[in-house]
> 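What follows is a single structure, and I will ask about it in a moment.
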Amino acid sequence: MNILLPLSLAVILAGCSTTNTGGGSDVGGTTTPKQAVESALPYIAPAVTLACTVVLEQAVSPEDRVEKAKMINNVATIVESLTRGSTPTPDQLQKALTDYLPAEKTHWAKYIVVVKDIYAAQFAKIGSDAKLGVDVLNAIARGCKTATDEYVE
């Protein structure tokens with residue numbers, strides 16, 4: 001299975017959910033950056049779940065799938081830990097994931113980039129709204145956990 005297509009779909013899902021539909025409440029019917037991020041929140045976890053599922057499908061055995069699931073579940077913990085303090089940049093999120101995951105393996109390297117890109121699409125709109133940044137990071141963590149629920153207790 002080509003890993004790029006599903007991973008690209010995850011980024012597209014998160015990115016398309018932030019386009020202006022003209023239904024905003026400010027003058028001219030445009031959506032504010034904050035509204036765009038709030039509109040995207042319901043799509044972030046499913047996009048991350050899709051990216052995680054692609055990695056899980058790369059497993060060579062049931063045992064390998066469980067190990068990958070444990071690693072992804074730990075990614076959720078790492079992402080949640082980034083919600084303390086100042087809102088991390090996309091590069092800081094990528095570094096935290098790269099420091100933990102074996103990025104020399106293609107499927108992990110692509111997964112890291114997809115998660116970073118999903119976050120980066122929202123980060124550009126978050127501004128100084130730390131709560132909104134936490135909400136996005138929690139949605140990413142939730143997507144990781146959803147993908148691994150059946151494998152990790």
> Might you work through the side-chain contact (heavy atoms from CB on, under 4.5 Å) test for T87 and F123, ending with a clear yes or no?
CA-CA 9 Å; T87 306; F123 182 81; 4.0 Å; yes
> Checking the side chain of N73 only, and the main-chain atoms of A69 only, is there a donor and an acceptor separated by less than 3.5 Å?
no
> For I118 and A47, which heavy atoms make the closest approach, and how far apart are they?
CD1-CB, 3.9 Å
> One pair to check against side-chain contact (heavy atoms from CB on, under 4.5 Å): L56 and Y151. What are the steps and the verdict?
CA-CA 10 Å; L56 292 171; Y151 305 105; 3.8 Å; yes
> Is there a donor-acceptor pair under 3.5 Å between the side chain of Q58 and the backbone N or O of V55?
no
> Quick check: closest heavy atoms across A103 and T98, and the distance to 0.1 Å?
CB-CG2, 4.0 Å
> Going through the checks in order, is the side-chain contact (heavy atoms from CB on, under 4.5 Å) test met by Y100 and M71?
CA-CA 9 Å; Y100 172 70; M71 292 178 77; 3.9 Å; yes
> Please walk me through it: do D91 and K116 pass side-chain contact (heavy atoms from CB on, under 4.5 Å)?
CA-CA 7 Å; D91 289 338; K116 177 203 157 222; 3.6 Å; yes
> Rounded at 0.5 Å granularity, tell me how far CG in L41 sits from CG in L132.
6.0 Å
> Could you measure the distance from the OG atom of S39 to the NZ atom of K125? Nearest 0.5 Å is fine.
10.0 Å
> Is there a side-chain contact between Y119 and Q94, using heavy atoms and a 4.5 Å cut-off?
no
> Any chance you could measure K68, atom NZ, to D64, atom CG, to the nearest 0.5 Å?
4.0 Å
> Any chance you could measure T77, atom OG1, to I72, atom CD1, to the nearest 0.5 Å?
12.5 Å
> How far apart are the closest heavy atoms of I78 and A96, and which atoms are they?
CG2-CB, 3.9 Å
> Is a donor from one side chain sitting under 3.5 angstrom from an acceptor on the other, for Q35 and T32?
yes
> Compare all side-chain heavy atoms of L82 with those of Q92 and state whether any distance is below 4.5 angstrom.
no
> Determine whether a donor-acceptor pair (N or O, by modelled atom type, separation under 3.5 Å) exists between the side chain of Y111 and the backbone of T106.
no
> Rounded to the nearest 0.5 Å, what separation is found between the CD1 atom of I112 and the CG atom of L97?
6.0 Å
> Which pairs would a plain distance check flag for residues 134-142, meaning a side-chain donor or acceptor within less than 3.5 Å of a matching protein atom at least two apart in sequence or in another chain?
| residue | atom | partner | partner atom | Å |
| --- | --- | --- | --- | --- |
| D135 | OD1 | K131 | NZ | 3.3 |
| D135 | OD2 | K131 | NZ | 2.7 |
| N138 | ND2 | V134 | O | 3.3 |

> Can you check whether C144's main-chain N or O pairs, donor with acceptor, with T148's side chain at less than 3.5 Å?
yes
> Using the rule given for salt bridge (Lys or Arg N to Asp or Glu O under 4.0 Å), can you reason through K145 versus E80, listing the C-alpha separation, both sets of side-chain angles and the distance that settles it, and then say yes or no?
CA-CA 11 Å; K145 289 179 181 179; E80 288 170 338; 2.7 Å; yes
